[in-house]
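Below is one structure, written out as structure tokens, with a few remarks after it.
Counting convention: from 1, in listed order, for ligands and their atoms alike. Numbering of residues begins at 1 and proceeds along the displayed sequence. Values in this document were obtained by computation on a predicted structure and should not be read as measured data.
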Amino acid sequence: MLSLVLITGLLAFAFSKPCDTEGSKSELLLSLNKDLLRSLEAQDGFPNPSIHLALRLSNIHNLAKESEHLNSLKSNLHNSIQSALSGSQAVVGRLALYTLALKSSCYDVSTIIFTVDRKTETLLTHLKRQMEQEKENIALAHRPLTNYYQYSLGVLALCVSGIRVNNHVSNKLIKAVQHEYGKPFSLSLSIDTYAMAGMALQCVKGSGSHVHNAAELDIALNTVKQTLLASRRTDGHLGNEFSTGLAVQALLAMGSPVDACAPSMEAMRRDARGNKYHNPMAISQILPALHQKSYLSIKSMDCLNEDDSLVLEPEDPVELVPSDTKVLVVVEVISSREAVSHYPVHVPKGSTLLDALELLKQRNVGFTFDKESSLWGPYLSMVNGEQARMSDRRYWHLSSDGTALSEGVGDFRIEVAQKITIENKTY
Ligand code: B12
């Protein structure tokens with residue numbers, strides 16, 4: 001009888017325990033940190049500066065691996081940016097992330113140089129020049145060469161590096177925030193972009209350089225804050241699962257108390273436990289927020305007395321056996337001229353959309369596609385011989401039974417029969 005009472009008591013204790021104790025929170029942070037560190041080993045393509053930022057903004061470190069990664073950024077990412085600059089490409093986002101990654105390791109950014117057309121100039125000179133070109137494009141064509149997310153990254157990186165951001169450059173961001181306010185998100189800036197703009201403008205405010213239009217800067221910051229808060233869903237996410245990390249980072253940077261972000265942090269922890277953030281890029285954007293930091297925190301990093309306790313235990317390789325159960329996917333392609341084609345294919349349950357597209361391509365049924373690598377993984381760039389180019393502001397939009405996908409072809413998994421629509425759209 002006594003043992004029964006004891007067992008019942010223990011069970012009651014276990015179930016009454018709040019699910020999100022401090023212990024379980026730090027365990028989750030540790031496991032996300034390890035996932036990021038492991039992803040460095042599995043990385044294909046060039047090293048990801050966003051992952052470096054998240055590792056550096058964490059409270060727990062493996063300093064040897066972080067320094068190895070910094071070296072790989074300084075060679076591989078550096079070279080890829082150098083060739084993009086030689087080809088006169090707009091790469092402000094990558095230049096900015098590279099700058100922030102170097103700063104987050106307290107590396108002297110002024111020593112980083114690029115040689116383009118036999119002319120040697122510093123990273124920051126290139127970043128400033130690209131920002132000027134972006135600004136010119138906004139003046140002429142009412143949009144940046146890349147997008148406002150990258151434009152904001154550029155402002156943030158210059159500001160965090162202690163470079164005075166040209167008033168005309170920050171004014172363009174202020175104007176964009178004010179101009180787009182209240183418009184539907186599908187047409188205007190995304191929550192991710194508002195978040196990045198908020199961090200950038202907050203940095204500009206803190207640097208004290210924007211003295212002429214201080215009132216307008218405050219209004220824009222308030223607009224960003226209201227927009228982020230208004231995007232809160234009933235489940236706590238701001239925007240969607242993948243914008244919440246940046247949105248929380250921005251709110252913290254703009255001075256919101258941690259408590260005000262608690263439901264969104266809880267939503268991210270819940271999703272992290274449910275393995276929603278299996279893409280390292282997604283982890284890299286939520287982890288700083290869960291550590292109650294933001295990209296703005298890089299400005300005050302001194303890299304002194306850092307923890308060095310993060311170790312990776314060897315992991316047993318997980319062998320993924322394709323499921324015997326097959327599901328039907330009908331891939332619908334809508335070209336820019338609105339020509340519609342359908343391609344049915346049976347795939348093992350749990351296949352990625354990319355697996356399904358590869359299968360269709362191999363079957364020679366007239367379906368072809370091509371992809372480009374990006375920080376988020378494979379980006380669908382060409383379908384049935386038709387490109388959706390950034391220069392024309394077109395892209396291949398993905399949806400499942402009419403609902404837009406919130407993941408790309410490499411991450412979205414097919415669990416049930418469905419119609420996937422791939423449509424050449426403008427944005
Ligand atoms: C701008 C943007 C776009 C633009 C990109 C073109 C442009 N010039 O502006 C457009 C509108 C085309 C776009 C499309 C899509 N996007 Co988008 N996009 C972004 C945003 C806001 C900024 C990206 C950026 O410039 N990064 C900075 C630069 C330096 O990094 P980069 O890797 O070089 O950037 C390139 C890639 O990121 C690529 N890209 C953009 N979106 C996506 C999505 C995926 C899955 C991949 C693989 C690549 C990719 O375009 C960038 C510019 O060339 C991010 C927000 C974020 N939190 O990262 C969302 C974001 C990356 N997009 C997202 C999604 C879901 C999509 C779509 C799948 C939507 C859809 N249903 O079709 C499509 C991609 C489909 C495809 N063809 O493969 C999600 C990805 C989440 C995830 N788990 O994978 C994000 C995080 C937004 C969100 N919160 O939901 N996107």
Applying a heavy-atom cut-off of 4.0 Å, say which part of P378 lies close to ligand 1: side chain, backbone, both or neither. backbone

Between the side chain of T125 and the main-chain N/O of E121, is any donor-acceptor distance below 3.5 Å? no

S381 and Q387 side chains, donor-acceptor separation under 3.5 Å: no

Would you check whether A282 reaches within less than 4.0 Å of ligand 1, judged by its heavy atoms? no

Report the nearest protein non-hydrogen atom to atom 81 (C) of ligand 1: residue, atom name, distance rounded to 0.1 Å. S406 O, 3.2 Å

Is there at least one protein heavy-atom neighbour under 4.0 Å from atom 5 (C) of ligand 1? no

Nearest protein heavy atom to atom 21 (C) of ligand 1, by residue and atom, and its distance? S190 OG, 3.7 Å

Atom 30 (O) of ligand 1 - nearest protein heavy atom and its distance: L375 CD1, 3.5 Å

Please confirm whether the backbone N or O of I81 pairs with a side-chain atom of R94, one donor and one acceptor, at under 3.5 Å? no

Could an N or O of ligand 1 be found under 3.5 Å from any N or O of T193, whether backbone or side chain? no

Give yes or no for whether the N/O distance cutoff of 3.5 Å, strictly under, is met between N147 and ligand 1. yes

In this structure, atom 28 (C) of ligand 1 is nearest to the protein heavy atom Q150 NE2, 3.5 Å

Side chains of Q82 and T115: any donor to acceptor distance under 3.5 Å? no

4.0 Å protein heavy-atom contact status of atom 47 (C) of ligand 1, strictly under: yes

Apply the side chain to side chain contact (heavy atoms under 4.5 Å, CB included) test between L156 and each candidate in L201, T99, L296; give the one that qualifies. L296

Within-cutoff protein neighbour (heavy atom, under 4.0 Å) for atom 83 (N) of ligand 1: yes

Check: F114 ring centroid to H78 ring centroid under 6.0 Å: yes

Considering only heavy atoms of E407, which atoms of ligand 1 have at least one such atom less than 4.0 Å away? 65 (C), 68 (C), 82 (C), 83 (N), 84 (O)

Output every pair passing salt bridge (Lys or Arg N to Asp or Glu O under 4.0 Å) with a member in residues 107-117, not counting sequence neighbours, ordered by first then second residue. none

Measure the distance from atom 72 (O) of ligand 1 to every protein heavy atom, then report the residue, atom name and distance (to 0.1 Å) of the closest one. L398 N, 2.8 Å

Is the contact between L380 and ligand 1 made by the side chain, the backbone, both, or neither, using heavy atoms and a 4.0 Å cut-off? both

Would you mind telling me which of E407, R233, M268 makes a side chain to side chain contact (heavy atoms under 4.5 Å, CB included) with E241? R233

For ligand 1, which atoms have a heavy atom of L246 less than 4.0 angstrom away? 57 (N)

Below 3.5 angstrom, do we get any N/O pair linking Y427 and ligand 1? yes

If the test is salt bridge (charged side-chain N to carboxylate O under 4.0 Å, His left out), which one of R129, K135, K128 qualifies with E132? K135

Logged contact type for Y395 with ligand 1, heavy-atom cut-off 4.0 Å, is side chain

Go through ligand 1 atom by atom and flag the ones less than 4.0 Å from a non-hydrogen atom of D192. 55 (C), 56 (C), 57 (N), 86 (C), 87 (C), 88 (C), 89 (N)

Within the structure, does at least one protein heavy atom fall under 4.0 Å of atom 66 (C) of ligand 1? no

Report yes if some N/O of W396 lies less than 3.5 Å from some N/O of ligand 1; otherwise report no. yes

Near S243 (heavy-atom distance under 4.0 Å), the atoms of ligand 1 are 89 (N)

Can you confirm whether more than 12 heavy atoms, excluding those of R389, are under 6.0 Å from its CZ atom? no

Give the residue and atom name of whichever protein heavy atom lies nearest to atom 36 (C) of ligand 1, and the separation in Å to one decimal. S374 CB, 3.7 Å

Any heavy atom of G377 closer to ligand 1 than 4.0 angstrom? yes

Less than 4.0 Å between atom 90 (O) of ligand 1 and some protein heavy atom, yes or no? yes

Taking atom types as modelled, find out whether S264 and H237 have a side-chain donor-acceptor pair closer than 3.5 angstrom. no

Of F412, Y379, W376, which has the heavy atom at the shortest distance from atom 58 (O) of ligand 1? W376

Does the protein come close to atom 51 (C) of ligand 1 - that is, does one of its heavy atoms sit below 4.0 Å from that atom? no

At a 4.0 Å threshold, what atoms of ligand 1 neighbour a non-hydrogen atom of G408? 45 (C), 84 (O)

Mind checking whether M281 contacts ligand 1 via backbone (N, CA, C, O), side chain (CB onward), both or neither, at a 4.0 Å heavy-atom cut-off? neither

Y149 and ligand 1 - part of the residue with a heavy-atom distance under 4.0 Å: side chain

Is the backbone N or O of A404 less than 3.5 Å from a side-chain atom of S399, with the two atoms forming a donor-acceptor pair by type? no

Is the side chain of K326 donor-acceptor paired with the backbone N or O of H346 at a distance under 3.5 Å, no angle test? no

Just distances here: any N/O of R94 and N/O of ligand 1 closer than 3.5 Å? yes

Judging by distance only, is a nitrogen or oxygen of L153 under 3.5 angstrom from one on ligand 1? no

Does even one non-hydrogen atom of N240 get within less than 4.0 Å of ligand 1? yes

For atom 16 (N) of ligand 1, is the nearest protein heavy atom closer than 4.0 Å? no

Pairs involving residues 415-427, ordered by first then second residue, that meet salt bridge (Lys or Arg N to Asp or Glu O under 4.0 Å) (sequence neighbours left out): E332-K419, K349-E415

With backbone taken as N, CA, C and O and side chain as the heavy atoms from C-beta onward, which portion of H397 lies under 4.0 Å from ligand 1: side chain, backbone, both, or neither? both

Would a distance-only check, ignoring hydrogens and angles, find a side-chain to backbone donor-acceptor pair under 3.5 Å from D35 to H278? no

Geometric N/O contact D411 with ligand 1, under 3.5 angstrom: no

Answer yes or no: is there a donor N or O on one side and an acceptor on the other, between the side chain of S152 and the main chain of Y148, under 3.5 Å? yes

Atom 53 (O) of ligand 1: the protein heavy-atom neighbour that sits closest, reported with distance to 0.1 Å: M390 SD, 3.7 Å

Atom NZ of K361: over 12 foreign heavy atoms under 6.0 Å: yes

Please confirm whether L405 comes within less than 3.5 Å of ligand 1 when only nitrogen or oxygen atoms on both sides are compared. yes

Checking N240 against S406: is there a side-chain donor and acceptor pair closer than 3.5 Å? no

Kindly say whether M382 contributes a backbone atom to a donor-acceptor pair with the side chain of D370 at under 3.5 angstrom? no

Sub-4.0 Å protein heavy atom near atom 60 (C) of ligand 1: no

Walk me through whether E306 and R56 qualify under salt bridge (charged side-chain N to carboxylate O under 4.0 Å, His left out). CA-CA 10 Å; E306 291 183 326; R56 295 295 308 144; 2.7 Å; yes

Short question: side chain of N71, backbone of E68 - any donor-acceptor pair under 3.5 Å? no

